[in-house]
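One structure is given below, encoded as structure tokens.
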Protein chains: 2
Amino acid sequence: MRPEDLRFQVLRHLEQKPDMTQRELAAALGISLGRVNYCIQALIERGLVKAANFRNSRNKRAYLYKLTPRGLSEKAALALRFLRRKEQERQVLLQEIEALRAEIGQANHEHEKHEQGE
Amino acid sequence: MRPEDLRFQVLRHLEQKPDMTQRELAAALGISLGRVNYCIQALIERGLVKAANFRNSRNKRAYLYKLTPRGLSEKAALALRFLRRKEQERQVLLQEIEALRAEIGQANHEHEKHEQGE
DNA sequence: TTACGTGTGTTCATCAGTTGAACGCACATA
DNA sequence: TATGTGCGTTCAACTGATGAACACACGTAA
């Protein structure tokens, strides 16, 4: 997972559920705790996320990770780029698949017809 | 790139062009020379590829990498698995894309209509 | 109050994977 | 012979990810 994609996914999750712990994020994204921590620190450093105290004002731990206005717009921009890239990846994949089918000599395009149509 | 995918791509290239050098393979696959060497050694070890002397019988270098019968069948099996996985990846990608579109709120399905149809 | 358990963010030694510069070798050529 | 070229091979060094261990701030119960 690219750093850019990771930032996007973290922003995405935190917007919908700001009280996620770093461990929960790590599990949800399938990466390590250390990497999540590193990513969140970067987001805070950039001013895209603000760590608000949770439960008790003097508690330095157990944060609420709230997206700042800049964080929201950054997340929207990342979403669009992410989407565009995924669309392109899907197109590339189609070409690879067709090349493979031709190479294998299988005429099993019937598979596609059972997928969700386009 | 997964080790399995790398083995497949190497077999694929060598079948079509057994006189490729390791440097050419590295460039074609976008990976390092060392990794190609490691992969080819593994293929030879498994008996999927045989390194035949090229140009001159006493020359230990400049091999022809010929696929053995086992190499051919292994390559065919890998191709099928590779294809199946790519198809699945493409399906997953479609779901991600649609989820993103819903999240972004864009109704730009028109994009698809310009792609190669299914 | 005190002591303990729990869950948090943080740190960092360790590891697995990759790289490509450097090397030894076998030619072709002069 | 001497030199240049291109090959496969090696491996020290780099990169990025990991998760065990840690310090801390609570809640809870003795």
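We name chains A, B, ... by the order of the sequence lines, and we start the count at 1 in each one.
- One atom, OH of A:Y63, and another, P of D:dC24, lie 13 Å apart when rounded to the nearest Å.
- At the phosphate of C:dT10, OP1 or OP2 sits under 4.0 Å from a side-chain N or O atom of A:Q22.
- Under the 4.5 angstrom side-chain criterion for Ile, Leu, Val, Met, Phe, Trp and Tyr, B:V92 has no cluster partners at all.
- Sorted by first and then second residue, the salt bridge (charged side-chain N to carboxylate O under 4.0 Å, His left out) pairs with a member in residues 67-81 of chain B read A:E103-B:K75, B:E4-B:R81, B:E15-B:K75; sequence neighbours excluded.
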Between B:R12 and B:Q9, is a side-chain hydrogen bond (donor to acceptor under 3.5 Å, both in side chains) present by the stated rule, with each step listed?
-> CA-CA 5 Å; B:R12 196 181 185 189; B:Q9 296 295 356; 3.3 Å; yes
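- For DNA chain C, the residues of residues 37-48 of chain A within the heavy-atom distance limit of 4.0 Å (strictly under) are A:N37, A:Q41, sorted by number.
- Listed by first then second residue, pairs satisfying salt bridge (charged side-chain N to carboxylate O under 4.0 Å, His left out) with a partner in residues 20-45 of chain B number zero, not counting sequence neighbours.
- Separating the CG atom of B:D5 from the P atom of C:dT18 is a distance of 12 Å, rounded to the nearest angstrom.
- Partners of B:K66 under the salt bridge (Lys or Arg N to Asp or Glu O under 4.0 Å) rule, at least two apart in sequence or in another chain, do not exist in this structure.
- Atom CE of A:M20 is separated from atom P of C:dG9 by 11 Å (rounded to the nearest Å).
- By the salt bridge (Lys or Arg N to Asp or Glu O under 4.0 Å) test, A:K17 pairs with A:D19, sequence neighbours left out.
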Pull out every protein N or O sitting under 3.5 Å from an N or O of nucleotides 17-20 of chain D, one pair per line with the distance.
{"unit_1": "D:dA17", "atom_1": "OP1", "unit_2": "A:R35", "atom_2": "NE", "d": "3.3"}
{"unit_1": "D:dA17", "atom_1": "OP1", "unit_2": "A:R35", "atom_2": "NH1", "d": "3.4"}
{"unit_1": "D:dA17", "atom_1": "OP1", "unit_2": "A:R35", "atom_2": "NH2", "d": "2.8"}
{"unit_1": "D:dT18", "atom_1": "OP2", "unit_2": "A:S32", "atom_2": "N", "d": "2.9"}
{"unit_1": "D:dT18", "atom_1": "OP2", "unit_2": "A:S32", "atom_2": "OG", "d": "2.8"}

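- Applying the ring-ring contact (aromatic ring centres under 6.0 Å, His included) test to residues at least two apart or on different chains, the pairs with a partner in residues 6-27 of chain A are A:F8-A:F82.
- Rounded to an integer number of Å, the gap from B:L25 CG to D:dT9 C1' is 15 Å.
- As a member of the Ile/Leu/Val/Met/Phe/Trp/Tyr network built from side-chain separations under 4.5 Å, A:L93 groups with B:L93.
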